[in-house]
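Worksheet: one structure, shown below.
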Amino acid sequence: MLWSLIKIVVFVALVAAATLGASYLLDMQGGVLIAMGGIEINLTPLKAVIAAVVLVLAVWLFLKLFGLLIALLHFINGDETALSRYFDRNRERKGFDALSEGMMALASGEGRKAMSKAAKAERYLDRPELTTLLTAQAAEQVGDRAKAEEAYKKLVTTDRTRFVGVRGLMHQKLLDGDTDTALALAEKAFGLKPGHEEVQDTLLRLQAQKSDWKGARSTLKAKLRHGTLPRDVHRRRDAVLALSEAKGAYLEDAGSESGDAAIEANKMSPDLIPAAVMASETYVARNQKRQATKVLKKAWETSPHPDLAAAYAQIEPDESPKERLKRFSALVKPVPTHRESRLLMAELNIAAEDFPEARRAIGNLTQESPDARTLTIMAAIERGEGAPDAIVKGWLARAVTAPRGPQWTCENCHNIQANWTPICNNCAAFDTLEWTTAPVEEYQSQVGTSMLPLIVGEIEDNSRTPATVDSPPVEPEEAEILHTDGLDTAPKAESERVKK
């Protein structure tokens with residue numbers, strides 16, 4: 001309504017201005033004299049203005065007729081589309097103007113306006129790959145999923161736009177959570193453009209989620225072939241897929257095939273901890289203990305991990321604690337100062353009841369990285385050396401509220417998992433789990449700590465606490481963590497855990 005009123009007011013103003021100008025020209029004295037070839041033409045001011053307008057129109061008409069004549073000559077000379085192009089030129093100009101305005105509206109976030117301009121451009125242009133695509137993207141921007149899906153389906157019907165349509169529908173199905181249809185569309189889009197990096201990544205992720213490890217390895221090879229993945233990253237991820245395939249074969253009771261696949265995965269990526277563990281188990285099952293030892297030593301040298309130590313222990317499961325301590329010395333020898341090596345040797349010395357050596361092995365880790373495992377080991381050492389209950393309970397109290405230490409943590413979403421998997425359980429990212437310390441949350445509730453004294457009771461004799469250099473100060477709350485009945489089993493429980 002307001003826009004119509006504005007147009008009426010503008011029209012009336014223009015008519016009034018033209019009337020005023022005409023009356024002004026009629027009142028003017030003199031005129032325009034045109035002399036040419038002995039002929040003189042005397043025009044009043046009003047007639048002169050009219051003549052100028054007619055002249056401009058005549059020139060414009062002449063140019064149009066001249067263009068039509070040129071198009072006609074091209075048509076006579078064999079250009080069958082010359083005349084149609086001449087008459088469509090104006091329509092194309094209007095169509096491209098509307099298309100340009102629609103693209104600008106889309107870029108500025110005006111989805112409704114972009115859809116309107118796309119509809120106008122479609123009336124003037126025969127370019128569905130442009131107008132329909134603009135409509136689809138504008139519909140996605142305003143949240144009109146049905147309109148967007150309809151537009152993408154139109155794009156699928158044309159060879160030139162089929163890939164764009166399939167890719168758009170794939171994203172629609174991913175948003176809907178229909179991963180089965182999305183996988184089928186991703187495979188079709190990959191067939192149309194194997195070198196498209198986004199389609200490669202989407203297909204790889206969906207194949208991994210569906211446990212299609214062979215298909216995922218094929219897609220990974222295509223990424224390497226088209227240069228969208230570095231060779232070293234390809235080897236690592238191919239090893240992850242080979243290991244996942246091996247685990248799948250193992251669950252299906254495929255016999256030695258799973259073991260061979262695990263050995264292959266370990267050869268491709270020796271620092272992949274789960275592959276080294278599974279390859280070691282395969283060699284032990286085949287009575288090839290030397291090969292199992294070699295695999296685990298190589299993995300430990302680059303990535304020390306408790307799972308590697310557990311697999312190394314299974315090579316000789318019946319050995320005594322002292323024999324195990326001697327054999328494990330060869331494992332930790334390449335990286336004796338690494339945190340995992342020091343903790344492992346401390347645990348083995350506890351199992352062998354050599355508590356002073358366990359203290360020397362753990363060193364100052366309780367100050368450098370005081371996590372739950374380190375503090376628990378220190379409590380076992382103190383108990384093994386006969387320290388008073390207050391000191392042991394002080395270490396255990398710190399262990400209760402200490403960080404958990406390194407865990408399988410997703411680099412993408414920081415989700416923590418108990419076991420390694422190729423796909424993050426939280427964000428479904430591929431090959432993002434790393435054995436590292438998870439980020440510490442800024443806020444930590446103190447309710448659990450304050451409730452501990454109420455649960456475990458009092459210490460029998462606080463006066464027995466000696467002042468030692470290695471022991472931390474014991475707070476009253478920390479001294480009331482566990483019942484004294486459970487402390488007698490601390491070194492024994494630690495020994496049993498290391499033996500396992």
Side-chain angles (χ1 to χ4, degrees), residues 1-4 6-7 60 63-64 67-68 70-72 74-75 79-178 181-203 206:
M1 178 67 71
L2 180 61
W3 178 241
S4 300
I6 292 174
K7 290 193 289 185
W60 176 80
L63 293 176
K64 289 292 183 180
L68 178 60
I70 297 298
L72 181 60
H74 282 293
F75 178 77
D79 189 353
E80 297 180 354
T81 62
L83 289 176
S84 62
R85 288 203 312 272
Y86 173 79
F87 289 109
D88 291 341
R89 192 171 299 157
N90 188 44
R91 293 175 57 84
E92 287 185 355
R93 180 182 60 79
K94 292 181 179 179
F96 280 115
D97 287 344
L99 185 65
S100 176
E101 292 175 4
M103 294 176 66
M104 293 299 294
L106 181 66
S108 61
E110 300 175 284
R112 299 286 181 190
K113 182 179 178 181
M115 291 176 64
S116 175
K117 294 297 181 181
K120 181 179 179 181
E122 190 173 4
R123 291 197 301 268
Y124 291 110
L125 295 176
D126 185 21
R127 303 292 295 274
E129 69 275 12
L130 298 178
T131 56
T132 309
L133 178 59
L134 179 60
T135 301
Q137 293 182 343
E140 283 185 339
Q141 191 175 83
V142 299
D144 191 348
R145 301 280 298 280
K147 184 74 172 178
E149 187 172 348
E150 180 185 354
Y152 283 127
K153 286 181 178 179
K154 288 182 181 179
L155 292 173
V156 172
T157 59
T158 307
D159 291 339
R160 290 190 301 171
T161 60
R162 182 168 289 115
F163 173 77
V164 177
V166 172
R167 176 178 171 273
L169 290 173
M170 177 187 71
H171 284 294
Q172 293 288 311
K173 296 304 178 183
L174 286 174
L175 292 174
D176 293 337
D178 187 358
T181 307
L183 176 59
L185 291 169
E187 291 174 345
K188 187 172 184 179
F190 180 75
L192 294 172
K193 279 192 177 182
H196 195 277
E197 186 174 1
E198 182 194 12
V199 171
Q200 291 174 347
D201 293 338
T202 303
L203 178 59
L206 291 172

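We number each residue from 1, following the sequence as shown. We use all heavy atoms of the structure for the numbers below, so side chains are in, but hydrogens, waters and symmetry mates are not.
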Lys173 and Leu185: CA distance, side-chain angles, deciding distance, side chain to side chain contact (heavy atoms under 4.5 Å, CB included) verdict:
CA-CA 9 Å; Lys173 296 304 178 183; Leu185 291 169; 3.8 Å; yes

So which heavy atom on [X] is nearest to which on [Y], and how close?
X      : Y      : result
Ala186 : Leu203 : CB-CD1, 4.0 Å
Thr181 : Asp178 : OG1-OD2, 2.7 Å
Leu134 : Ala118 : CD2-CB, 3.7 Å
Ala138 : Ala114 : CB-CB, 3.8 Å

Kindly say whether [Y] contributes a backbone atom to a donor-acceptor pair with the side chain of [X] at under 3.5 angstrom?
X      : Y      : result
Thr157 : Lys154 : yes
Ser100 : Phe96  : no
Glu140 : Ala148 : no

So, using side-chain hydrogen bond (donor to acceptor under 3.5 Å, both in side chains) as the criterion, who are the partners of Gln200 when residues are at least two apart?
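In terms of side-chain hydrogen bond (donor to acceptor under 3.5 Å, both in side chains), with neighbours along the sequence ignored, Gln200 is linked to Thr228.
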
At what distance, to the nearest 0.5 angstrom, does [atom1] of [X] lie from [atom2] of [Y]?
X      : Y      : atom1 : atom2 : result
Met170 : Glu187 : CE    : CD    : 11.5 Å
Glu149 : Leu175 : CD    : CG    : 11.0 Å
Leu133 : Thr161 : CG    : OG1   : 9.0 Å
Glu122 : Thr132 : CD    : OG1   : 5.0 Å
Leu169 : Leu174 : CG    : CG    : 11.0 Å
Asp144 : Glu150 : CG    : CD    : 9.0 Å

Could you list all the salt bridge (charged side-chain N to carboxylate O under 4.0 Å, His left out) pairs where at least one residue sits in residues 95-120, not counting sequence neighbours?
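Found Arg93-Asp97, Glu101-Lys117.
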
Can you find a heavy atom in the side chain of Val199 that is under 4.5 Å from one in the side chain of Lys193?
no

Just jot down the ring-ring contact (aromatic ring centres under 6.0 Å, His included) partners of Phe190, sequence neighbours excluded, or say none.
none

Taking the six-membered ring for Trp, is the centroid-to-centroid distance between His196 and Phe163 below 6.0 Å?
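They qualify: ring centres under 6.0 Å apart.
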
Take Leu130 and Leu99 through the side chain to side chain contact (heavy atoms under 4.5 Å, CB included) test and state the conclusion after the steps.
CA-CA 8 Å; Leu130 298 178; Leu99 185 65; 3.7 Å; yes

I would like to know whether His171 and Arg167 meet side chain to side chain contact (heavy atoms under 4.5 Å, CB included); could you show each step before the answer?
CA-CA 6 Å; His171 284 294; Arg167 176 178 171 273; 3.9 Å; yes

